[in-house]
Amino acid sequence: MDARSEHVAGHLLAWYDRHARTLPWRAPPGSPAPDPYRVWLSEVMLQQTTVAAVKDYFAKFTTRWPTVADLAAAEDAEVMAAWAGLGYYARARNLLACARAVAESGGSFPDSEDELRKLPGLGVYTAAAVAAIAFGRRAVVVDANVERVVARLFAIDAPLPGGRTEIRAATDRITPDARAGDFAQAMMDLGATVCTTRNPRCLLCPLSGDCTGYRAGEPERFPVKAPKAAKPHRQGRAFWIVRNEKVWLVQRPGKGMLGGMRALPDDGWSARGDGSGEGPIAGPWTPGGAVQHGFTHFTLDLHLALYSGSEVVSLPPDAGEWWSLDRLEEAGLPTLFAKAARLGLAAMGETDR
DNA sequence: TACTCGTGGGA
DNA sequence: TTCCCAAGAGT
């Protein structure tokens, strides 16, 4: 490692010793590594997700499933419902697949980056992070925080995503052999609290003396990103069908949007187009209001249709389930459908009681 | 490579 | 309000 890199790593670790955030899944700086199960679980939850959003879910999962063996033994539906609201549901499916793979191969996580990378849900970032944080292995850990810190530190102009190659090489250069986990977490803490996307606190930064972006007077210009496409706006319909104080819920297909989650029946809306308007039965329907929901790549107006027929509805049992209205919170509906269900309950309050 | 895949918070 | 973004992975 060259002198500048050693200097950077030393300053950063000294800063981390004083300013590390205290987080439920983290060991204090310099102390023994935490349980790999907890490190892995937190890293998966934190993928594209803020610390604030993860905290309650992490507590819930570790209380309910204290070890990877406990999680591996859980029912799919239980885990999916527990994940409801956190988003990116493929993570929950892969979480279970990973827990079961680990449980079947002896119950311990592999301690090398290469082996970790083979597990479902562990990509380049997460495998490196777990290797470093849980096992003290030197690994090049690059998340969005590190990208920002490094792009500013070296004033890397190449726009993302292409510029990631250069950023990774630069990160490799400043990554020390010792205290691998602390270094990775220090970079992420710095990015989260000092080297922030907007209004970076350069006067408080331990690396400002080494930072080319700061010296040039425009740290916020980095990292350069390619412009994004506009989000389309879609229309869809969900159906609120009640019988004997129970509502009809379906399970969505295992892949794709909200895959594997319990949901209200809908008309097949997607990122690519509006729904057909057709429901699982003929109706008649009464308008029950609409909710707007923003996904990563499109915005959806979901209109709720209330069944208003006088006949008692019959539906094929293998297509869904009648779910008690007073236990609706336990169904684990993703946020979009939880919003729609609130409309349905409100509409019933106006008419029934 | 470029898409797809959630959600809530901040500016 | 609207846009951007956050400890990315899978295909």
Side-chain angles (χ1 to χ4, degrees), chain A residues 21 23-26 38-58 80 83-95 97-98 116-134 139-149 160-162 164-165 168 171 181 183-193 195-199 220 223 225-233 252-261 263 270-272 291-300 302 332-339:
Chain A
R21 289 179 292 175
L23 299 170
W25 45 84
R26 173 181 282 185
R38 294 167 64 88
V39 173
W40 161 73
L41 179 62
S42 68
E43 288 301 338
V44 173
M45 288 184 166
L46 286 161
Q47 290 166 4
Q48 297 285 287
T49 308
T50 57
V51 166
V54 164
K55 280 184 174 169
D56 289 348
Y57 285 86
F58 182 80
M80 298 310 288
W83 196 275
L86 197 55
Y88 283 143
Y89 298 99
R91 292 185 295 172
R93 303 193 295 271
N94 287 328
L95 190 80
C98 180
L116 287 161
R117 181 69 183 77
K118 295 175 184 170
L119 293 167
L122 282 89
V124 173
Y125 162 76
T126 305
V130 174
I133 297 168
V140 182
V141 180
V142 185
D143 74 327
N145 288 302
V146 177
E147 276 175 7
R148 190 168 56 253
V149 171
L160 301 183
R164 295 213 162 95
T165 307
R168 161 164 289 276
T171 307
F183 179 79
Q185 294 178 96
M187 290 286 278
M188 293 189 276
D189 275 19
L190 189 71
T193 64
C195 194
T196 48
T197 305
R198 289 175 292 264
N199 306 315
E220 268 186 285
K225 295 187 180 180
K228 328 197 142 172
K231 277 197 209 182
H233 207 108
R252 296 177 62 83
K255 297 186 174 181
M257 288 213 68
L258 311 175
M261 300 298 288
S270 75
R272 284 187 287 282
V291 297
Q292 189 172 90
H293 193 73
F295 292 96
T296 307
H297 47 305
F298 71 105
T299 302
L300 178 69
L302 186 66
L333 296 176
T335 301
L336 167 67
F337 290 110
K339 286 183 189 172

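From a predicted model like this one, the values you see are computed outputs, not experimental measurements.
Among the atoms of the strands shown, none is found under 4.0 Å from any heavy atom of I133(A). If you check every strand for non-hydrogen atoms under 4.0 Å, G294(A) touches a base. Within the 4.0 angstrom heavy-atom criterion, base atoms lie near R26(A). Nucleic acid contact class of K231(A) (heavy atoms, under 4.0 Å, all strands): none. Within 4.0 Å of L258(A), counting heavy atoms only, lie sugar-phosphate atoms of the nucleic acid but no base atom. W25(A) comes within 4.0 angstrom of a base, heavy atoms only. Among the protein residues, T296(A) comes within range of the nucleic acid bases, having at least one heavy atom under 4.0 Å from a base atom. Contacts of N94(A) with the nucleic acid, taken as non-hydrogen atoms under 4.0 Å apart, involve only primed sugar atoms and P, OP1 or OP2.
Among residues two or more places apart in sequence or in another chain, the side-chain hydrogen bond (donor to acceptor under 3.5 Å, both in side chains) test is passed with R38(A) by none. Remark: Y125(A) pairs with E43(A) by the side-chain hydrogen bond (donor to acceptor under 3.5 Å, both in side chains) rule, at least two apart or across chains.
Remark: C1' of dT7(B) and CZ of F337(A) are 15 Å apart, rounded to the nearest angstrom. Distance L336(A) CG to dC5(B) P: 13 Å, rounded to the nearest Å. Going from atom NE2 of H293(A) over to atom C1' of dC5(B) covers 12 Å, rounded to whole Å. One atom, CE of M257(A), and another, P of dT4(B), lie 11 Å apart when rounded to the nearest Å.
Between the side chain of R117(A) and the backbone N or O of L122(A) there is at least one donor-acceptor pair closer than 3.5 Å. No donor-acceptor pair closer than 3.5 Å links the side chain of R21(A) to the backbone N or O of T193(A). Between the side chain of K339(A) and the backbone N or O of Q292(A) there is at least one donor-acceptor pair closer than 3.5 Å. Distance alone, capped at 3.5 Å, places no donor-acceptor pair between the Y89(A) side chain and the G254(A) backbone. The backbone N or O of V142(A) sits nowhere less than 3.5 Å from a side-chain atom of R168(A) that would complete a donor-acceptor pair.
One P atom belongs to dG6(B), the other to dT11(C), and the distance between them is 14 Å to the nearest Å. dA7(C) and dA2(B) have their P atoms separated by 24 Å, given to the nearest Å.
With the nearest nucleotide of DNA chain C identified for both Q292(A) and A127(A), Q292(A) has the one nearer the 5' end. Of the two residues near DNA chain B, R272(A) and G85(A), the one whose nearest nucleotide lies more 5' is R272(A).
In this structure, of dA11(B), dG6(B), dT7(B), it is dA11(B) that holds the atom nearest to the side chain of R198(A).
Put simply, chain A comes within 4.0 Å of DNA chain C, heavy atom to any atom, from dC5(C) to dG10(C), going 5' to 3'.
Near DNA chain C, meaning a heavy atom under 4.0 Å from it, residues 40-49 of chain A has E43(A), L46(A), Q47(A), Q48(A) in order of number. Of the residues in residues 141-149 of chain A, none lies under 4.0 Å from DNA chain B by heavy-atom distance.
If you look at H297(A) and F295(A), their ring centroids are not closer than 6.0 Å.
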>> Determine whether L333(A) and M261(A) satisfy the following criterion, side chain to side chain contact (heavy atoms under 4.5 Å, CB included), listing intermediate values before the conclusion.
In response: CA-CA 7 Å; L333(A) 296 176; M261(A) 300 298 288; over 6 Å; no
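Residues R91(A) and Q47(A) bring no donor and acceptor atom of their side chains to less than 3.5 Å of each other.
Considering only side-chain N and O atoms, H297(A) lies under 4.0 angstrom from the phosphate OP1 or OP2 of dC5(B).
Counting heavy atoms from C-beta outward, V141(A) and M187(A) have side chains that stay 4.5 Å or more apart. Side-chain contact between M257(A) and S270(A) is absent, with no heavy atoms from C-beta onward closer than 4.5 Å.
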Using a cut-off of under 3.5 Å, enumerate the N/O to N/O pairs linking the protein to nucleotides 1-3 of chain B.
none

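Not a single donor-acceptor pair, N or O on each side, falls under 3.5 Å between the base of dG9(B) and the side chain of T50(A).
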